[in-house]
Amino acid sequence: MTVKREPIEQQISKKQDEYIEMLFQLLRQPSISSEDIGVRECATLLKELMCQSGINAQVIDTEGHPIVFGEVYSSNSDFTLLIYGHYDVQPAEPVDEWLSPPFEPEIREGKIFARGAGDNKGQLMAQVLAVKTMLDLYGELPVNVKMVFDGEEENTSKNFEPFVLKYRELLKADLVYTSDGPLDSSGAPIVMLGCRGMLYLELTAEGAERDNHSGNKGGIVPNPAWKLIHLLHSMCAPDGMVKISGFYDQVRQPTAKELKQITKLPYDSVETARAFGLKTLAMDGSTYYRKLSLEPTFNISGLTSGYGGEGVKTIIPSKAKVKLDIRLAADQNPDDIYTLVKQHVEMHAPDVRIRCLGKVKPSRTSLSLDTVQRVIASVKTAYNQEPIVMLASGATFPDYVFTQTLGIPSVLVPYANADENNHAPNENMDVVCFFQGIKTTCQVLVDLGKIR
Ligand SMILES: [Zn+2]
């Protein structure tokens, strides 16, 4: 099928009012997953909007909130794009800080205000309406499209991996495409190829049964705070290098191409320091992105023991506790890292208790893949601007469900404006960003259709 850009853009501008109204219908339906408000009703409505757009859609039950699945087959290509998004939203509190009611969408100064406008209903509807645009114009798509819309992304997505395992065949695809989160604050588009994983641990050291007088019993009763500090000292050097044996063994080594990509990313050390609340940041851009995207961390996120209040209290505490969030680089397996940390503790402080409070695997999709290069080119064409290609987000989200559980490469291309206020009062999406999102999805479908 031959597809040109102009008729697509004309079709989108012709349908502007209808598309906004379809989005507004979805925004008017609350779908707060953590409070179980309106989620199923929203799933049914989304299914209807997808069917109206020519997508063969269904609501599929899980142990929690349902998932909305849709598909459109194409006779033009064997390629299948799997689009992920979520139709649930965060609670609207504090409601009195909203300038218009959170579930009564309104356009002011070029922005659509409503809970879910940016995160993620506006971005998800941009995908749905891209499919509608192409089907209305051409009667078919350049590639097969599947859509999977989660109903509890804002509440840990705990039933998503079981769903994916159960419907592995249904979800078969060549590439996963997600639009969530904001564009760069400069307005530049972003293509993200993965994220770090996380292992969350708690270590507890115990001394005497109760706190003791540090004079009467000082030098006799052992101090668990010191025990924990000595243990932590054996785990990580002052420069951040982790000293636990085998910790770095699995870390994927960056390719020359990836290292080169990092040097192209925008970086301003003064601006970054200001944004982080630091006085200075003595680091070049390559180091900054290498540390953030490609390397693990060993972070102390909480450390508690003894007396921390005003003035003086002379005690030997009975207990000390540390919480660690270890961000994992590509190919580090949280179970293996947990075993290594446990072995280290057993060797250095066998009576310190260790508990795993959470784990998420890292995820990375290769920059070298032809499909990834095509998406980068599509985004550049659609925005008429070079996208910022991030090898991985420093943060953690369950992208591994696609790349590891299903074994499908995955890219994230955010469509919302940088000031979308997601999770906050007056959440919004720029009208321009919404329509740009529809155009971008169309461009991606067209370009992926050229794969033979
Ligand atoms: Zn969110």
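Note that the coordinates shown come from a computational prediction; the quantities given were computed from them, not determined experimentally. Starting from 1, each residue takes its place in the sequence as its number.
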**Student:** Answer yes or no: is there a side-chain heavy-atom contact under 4.5 Å between Met235 and Leu203?
**Tutor:**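 They are in side-chain contact.
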
**Student:** In terms of side-chain heavy atoms, does Asp119 have a donor or acceptor partner in His86 at a distance below 3.5 Å?
**Tutor:**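 Their side chains do contain a donor-acceptor pair, which is all the 3.5 Å distance test asks for.
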
**Student:** Does Tyr19 reach the side chain of Ser53, with side-chain heavy atoms less than 4.5 Å apart?
**Tutor:**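 No, every pair of side-chain atoms sits at 4.5 Å or beyond.
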
**Student:** Between Ile60 and Leu170, is there a side-chain heavy-atom distance shorter than 4.5 Å?
**Tutor:**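 They are in contact (side-chain heavy atoms under 4.5 Å apart), so the answer is yes.
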
**Student:** From the options Arg364, Arg290, Arg252, select the one residue that forms a salt bridge (charged side-chain N to carboxylate O under 4.0 Å, His left out) with Glu258.
**Tutor:**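 Of the listed residues Arg364, Arg290, Arg252, the salt bridge (charged side-chain N to carboxylate O under 4.0 Å, His left out) partner of Glu258 is Arg364.
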
**Student:** Kindly indicate, with the supporting measurements, whether the criterion side chain to side chain contact (heavy atoms under 4.5 Å, CB included) is fulfilled by Lys264 and Glu386.
**Tutor:** CA-CA 11 Å; Lys264 295 189 209 160; Glu386 199 73 54; over 6 Å; no

**Student:** So, Lys361 and Glu161, do they make that salt bridge, N to O below 4.0 Å?
**Tutor:**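 Not counted as a salt bridge, because no side-chain N and carboxylate O are separated by less than 4.0 Å.
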
**Student:** Would you call the rings of His344 and His348 parallel, tilted or perpendicular if under 30° counts as parallel and over 60° as perpendicular?
**Tutor:**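 Geometry flag for His348 against His344: parallel rings.
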
**Student:** Do you see a donor-acceptor pair shorter than 3.5 Å between the side chains of Gln443 and Ser378?
**Tutor:**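 Per modelled atom types, Gln443 and Ser378 side chains form no pair under 3.5 Å.
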
**Student:** Can you classify the ring geometry of Tyr177 versus Tyr415 as parallel (below 30°), tilted (30 to 60°) or perpendicular (above 60°)?
**Tutor:**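 Ring orientation, 0 to 90° scale: tilted.
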
**Student:** Evaluate the ring planes of Tyr267 and Tyr288, with Trp represented by its six-membered ring, and classify them as parallel (under 30°), tilted (30 to 60°) or perpendicular (over 60°).
**Tutor:**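 Aromatic pair Tyr267/Tyr288 classed tilted.
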
**Student:** Answer yes or no: is there a side-chain heavy-atom contact under 4.5 Å between Leu406 and Val176?
**Tutor:**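 They are not in side-chain contact.
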
**Student:** Do Asn120 and Glu153 have side-chain N/O donor and acceptor atoms under 3.5 Å apart?
**Tutor:**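 Result is no, nothing qualifies.
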
**Student:** Hey, what do you get for CG (Leu228) to CH2 (Trp226), rounding to the nearest 0.5 Å?
**Tutor:**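 The CH2 atom of Trp226 is 12.0 Å from CG of Leu228, to the nearest 0.5 Å.
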
**Student:** Short question: side chain of Asp399, backbone of Pro362 - any donor-acceptor pair under 3.5 Å?
**Tutor:**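 A pair under 3.5 Å: no.
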
**Student:** Please round to the nearest 0.5 Å and tell me the distance separating atom CD1 of Ile112 and atom CG of Asn428.
**Tutor:**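 Between atom CD1 of Ile112 and atom CG of Asn428 there are 9.0 Å.
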
**Student:** Is a side-chain donor or acceptor of Lys146 paired with a backbone partner of Phe69 at a separation under 3.5 angstrom?
**Tutor:**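 Answer holds: no.
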
**Student:** Decide yes or no for Ile326 and Gln332: does some side-chain heavy atom of the first lie under 4.5 Å from some side-chain heavy atom of the second?
**Tutor:**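 No; the side chains remain at least 4.5 Å from each other.
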
**Student:** Check the side chains of Arg108 and Ser100 for a donor-acceptor pair under 3.5 angstrom, ignoring hydrogens and angles.
**Tutor:**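 Their side chains do contain a donor-acceptor pair, which is all the 3.5 Å distance test asks for.
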
**Student:** Please examine the side chains of Ile8 and Lys439, heavy atoms only from C-beta on, and report whether any two atoms are closer than 4.5 Å.
**Tutor:**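 SC-SC contact between Lys439 and Ile8 ruled out.
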
**Student:** Compute the ring centroids of Tyr84 and Phe160, then answer whether they are less than 6.0 Å apart.
**Tutor:**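 So the answer is yes for these two rings.
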
**Student:** If only side-chain N and O atoms count, and only distance matters, is there a donor-acceptor pair under 3.5 Å linking Arg327 with Thr396?
**Tutor:**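 Present: a donor and an acceptor within the cut-off.
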
**Student:** Checking the side chain of Asp174 only, and the main-chain atoms of Thr80 only, is there a donor and an acceptor separated by less than 3.5 Å?
**Tutor:**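 Checking the backbone N and O of Thr80 against the side chain of Asp174, a donor-acceptor pair under 3.5 Å is found.
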
**Student:** Do Leu367 and Gln373 have side-chain heavy atoms sitting under 4.5 Å apart?
**Tutor:**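 SC-SC contact between Leu367 and Gln373 confirmed.
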
**Student:** Where the side chain of Gln90 meets the backbone of Arg115, is there a donor-acceptor pair that is under 3.5 Å apart?
**Tutor:**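 It does not hold such a pair.
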
**Student:** Can a salt bridge be assigned to the pair Glu206 and Arg353 using a cut-off of 4.0 Å between side-chain N and carboxylate O?
**Tutor:**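 A salt bridge is present here (some side-chain N lies under 4.0 Å from a carboxylate O).
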
**Student:** For Asp180 and Asn422: C-alpha separation, side-chain torsions, deciding distance, then whether side chain to side chain contact (heavy atoms under 4.5 Å, CB included) applies.
**Tutor:** CA-CA 10 Å; Asp180 202 355; Asn422 40 346; 5.8 Å; no

**Student:** Decide yes or no for Gln385 and Pro189: does some side-chain heavy atom of the first lie under 4.5 Å from some side-chain heavy atom of the second?
**Tutor:**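 Result yes, sub-4.5 Å side-chain heavy-atom pair found.
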
**Student:** For the residue pair Ser410 and Thr403, confirm or rule out a side-chain donor-acceptor distance under 3.5 Å.
**Tutor:**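 Per modelled atom types, Ser410 and Thr403 side chains form no pair under 3.5 Å.
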
**Student:** Under 4.0 Å between a Lys/Arg side-chain N and an Asp/Glu carboxylate O for Glu202 and Lys323?
**Tutor:**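 Looking at Lys323 together with Glu202, the answer is yes, because their closest N to O distance falls below 4.0 Å.
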
